[in-house]
Amino acid sequence: MKIYVPRDAAARALGADAVAKALAAEAGRRGMDVEIIRNGSRGMVWLEPLVEIDRDGVRHAFGPMTPADVPGLFDGDGDKALGPTEDLDWMRRQTRLTFARCGVIDPLSLSDYEAHGGLTGLRRALGMGAEAIVEEVTASGLRGRGGAGFPTGIKWNTVRQADADQKYIVCNADEGDSGTFADRMIMEGDPFSLIEGMVIAGLGVGATQGYVYLRSEYPDAIDVMERAVDIARNNNVLGDVLHSGHHFDMEIRVGAGAYVCGEETSLLNSLEGKRGVVRAKPPLPALEGFLGKPTVVNNVISLATVPVIFERGAQHYADFGLGRSRGTVTLQIAGNVARGGLFETAFGVSLGEVVNDIAGGTLSGRPVKAVQVGGPLGAYLPVSKFDTPLGYEELDAQGGLIGHAGLVVFDDTADMRGLARFAMEFCAVESCGKCTPCRIGAVRGVETIDRIGQGDASAIPLLEDLCETMKDGSLCALGGFTPFPVMSALTHFPDEFAAAKEAAE
Amino acid sequence: MQPPQSTQNALAETDILAETDQIVSRHMTREGPLLPILHDMQDSFGHIPAAAIPRIADHLNLTRAEVHGVISFYHDFRDQPAGRHSLKICRSEACQAVGGAALSDHAKRRLGIDWHQTTEDGGITLEPIYCLGLCACGPAVLVDGDVVARVDADRLDTLIEGLSE
Ligand SMILES: Cc1cc2nc3c(=O)[nH]c(=O)nc-3n(C[C@H](O)[C@H](O)[C@H](O)COP(=O)(O)O)c2cc1C
Ligand code: FES
């Protein structure tokens, strides 16, 4: 009998290891022959640890499991039984392209990976030639999932056409945004998809070396990725790629706890062993990136989506989506929600449908007050904006960004002025220090919000001015976008900035 | 007779330098070896000993100031040893949405220390961390490198008690 217990960090943080141990012990006691597979997460975090049992090829879900629930699971009378996993509403409503295998396969089994469509895209790419590979990515409409939404095919083409003795593929796995965990989940649950995506990128642009810059806050992902790279190398996915004569190899590099190192030029400095300060652009990393060589810097999800584009064809991918946001968005639903987790769907679903319907509202049962979309640099949107469709241009029109597609839900107890202050404080803590609007502006921002808190209403226009200065004068989006959460809190919840005044009087 | 203090330090320093040489040699062939070196140094010593900085600088053809500048830039690297155990609490927004700030306050009160400080007995160092990717099951903490989710004050007390045993 096959039993699946996720090794995903969220599942482990909720007790999956103890459940796996209890399952093995109980099976031993009953003299049953079971194989426990540590898979990735299916993304239903509120049901983790979610255990699955394979019965005649159908996977049945149980969760959230505790060691005490284990005997019931074997007796078949467990009250944690949820029915076949694929029949769960959360699963049925998704379009899983990037995450098709995550939670399904054994993350470190290359044969499992291949049996579920893995390496099909790479084999196709090997027969295509560099220019056609890049054209396929362009045709898919894939845009960067790290935040900026830059068309991936255009970036690759710049690197492809650059003339250099060495080029690099750098995967941005710094995933520092609060409310996001898609990169972590795919690295822990389907690491070969990222590796395959990077190999295809290498073939497309003529790069032979890749790096994954992986944040140190993700020890589980580091472990899985390192093992997956070894397995890929031993099986000629890396090295002499599938014995084609094309060469590509890669290495995992661990970050050191600096949020700004998610910014691509800061990341490249860090990878070179320097302080993670932001570089002025131009030159673009595509032309002068790692060690001054042409470099593709792409987010984990951007790269991990490449294999399915080559497996099913660019058109299949591009057929999903809304406007200029093609394909699927890997939503991460977080914060105060009844049902949080990873939900992959075509772009265009409305914010309200996700929060109220898919996520089931708040965990506390209280009314939703605001949703921060797109990480710590994203806007706080009130319930009145719930009809906003999730897409790059659509969020932009609301003074926000979709970013890495994290949604953080807050109930009516949220302190919006406190959250605005936190945005400034975070920017001050994490600023690389290179430009004044960000380094000094953020410190002034905290002080100014404190003045507002003490009842000084004249500080409100100062805060607005400061935000304008930071927006216009910062070198990167850390200082440049911190005004989004601050100004959106001020604009949509003005009472919380004025109420402070009354309280002080 | 006790050896004089300076000899003790000198001995410790030769050990540090020998280990440093080994660590550096493991990474020298990499492109951009400094961060991997510093991570290994920190794993070995719990911090980056000052004595090692000139040695690393020599090997990599950098100035001491450059190496020092890199160490001071990153939150992960310490120039002083930490407590025997590490407790990191997520301060970011998704955890705040489910009581993260109150949890941090509780930890500080209970341990009698602020962020970046170590309890008097050298037992626990408390640090903020900005997101562990456990944002759908916050508040999240990292205890000696192990992730724990949905932590409330009681749960945290139990975790802290587990560390003082
Ligand atoms: C402060 C800051 C932090 C960022 N953090 C990340 C990150 O953690 N992961 C990421 O992929 N992109 C991050 N970005 C965006 C990157 O600079 C870059 O746009 C991205 O890696 C490009 O990959 P993509 O085109 O596939 O999105 C960040 C940007 C800024 C300004
Ligand atoms: S915000 Fe706390 S784990 Fe992400």
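The chains referred to below are lettered A, B, ... by the order of the sequence lines, with proteins before strands, and numbering in each begins at 1. Bear in mind that the values here come from a model prediction, so they are computed numbers and not experimental data.
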Note to self: Is the shortest side-chain heavy-atom distance between Glu93(B) and Tyr380(A) below 4.5 Å?
What the structure shows: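 Counting from C-beta outward, Glu93(B) and Tyr380(A) do come under 4.5 Å.
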Margin query: Within the 4.5 Å heavy-atom criterion, are Glu66(B) and Arg275(A) side-chain neighbours or not?
Written below: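 Of all side-chain heavy-atom pairs linking Arg275(A) with Glu66(B), none is under 4.5 Å.
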Any idea which heavy atoms bring [X] and [Y] closest together, and the distance?
| X | Y | value |
| --- | --- | --- |
| Ala334(A) | Cys135(B) | CB-O, 3.2 Å |
| Leu35(B) | Gly273(A) | CD1-CA, 4.2 Å |
| Tyr218(A) | Gly133(B) | OH-CA, 3.6 Å |
| Val408(A) | Ala97(B) | CG1-CB, 4.4 Å |
| His75(B) | Glu430(A) | NE2-OE2, 3.1 Å |

Margin query: Between Arg91(B) and Glu425(A), does any side-chain N to carboxylate O distance fall below 4.0 Å?
Written below: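 Looking at Arg91(B) and Glu425(A), the cut-off is met.
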Check: Ring centres of Tyr130(B) and Phe426(A) under 6.0 Å apart?
Finding: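 Ring-ring flag for Tyr130(B)/Phe426(A): true, centres closer than 6.0 Å.
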Between [X] (side chain only) and [Y] (backbone N and O only), is there a donor and an acceptor less than 3.5 Å apart?
| X | Y | answer |
| --- | --- | --- |
| Asn336(A) | Val98(B) | no |
| Ser92(B) | Ser178(A) | no |
| Arg184(A) | Leu134(B) | no |

Notebook entry, point to check: Hey, what do you get for CD (Glu48(A)) to CZ (Arg150(B)), rounding to the nearest 0.5 Å?
Noted result: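 Reported value, rounded in 0.5 Å steps: 9.5 Å.
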Notebook entry, point to check: Tell me, side chain or backbone of Leu132(B) under 4.5 Å from chain A's heavy atoms, or both, or neither?
Noted result: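 For Leu132(B), backbone and side chain are both near chain A.
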Note to self: Side chains of Ser270(A) and Tyr74(B) only: does a donor on one sit below 3.5 Å from an acceptor on the other?
What the structure shows: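 Their side chains do contain a donor-acceptor pair, which is all the 3.5 Å distance test asks for.
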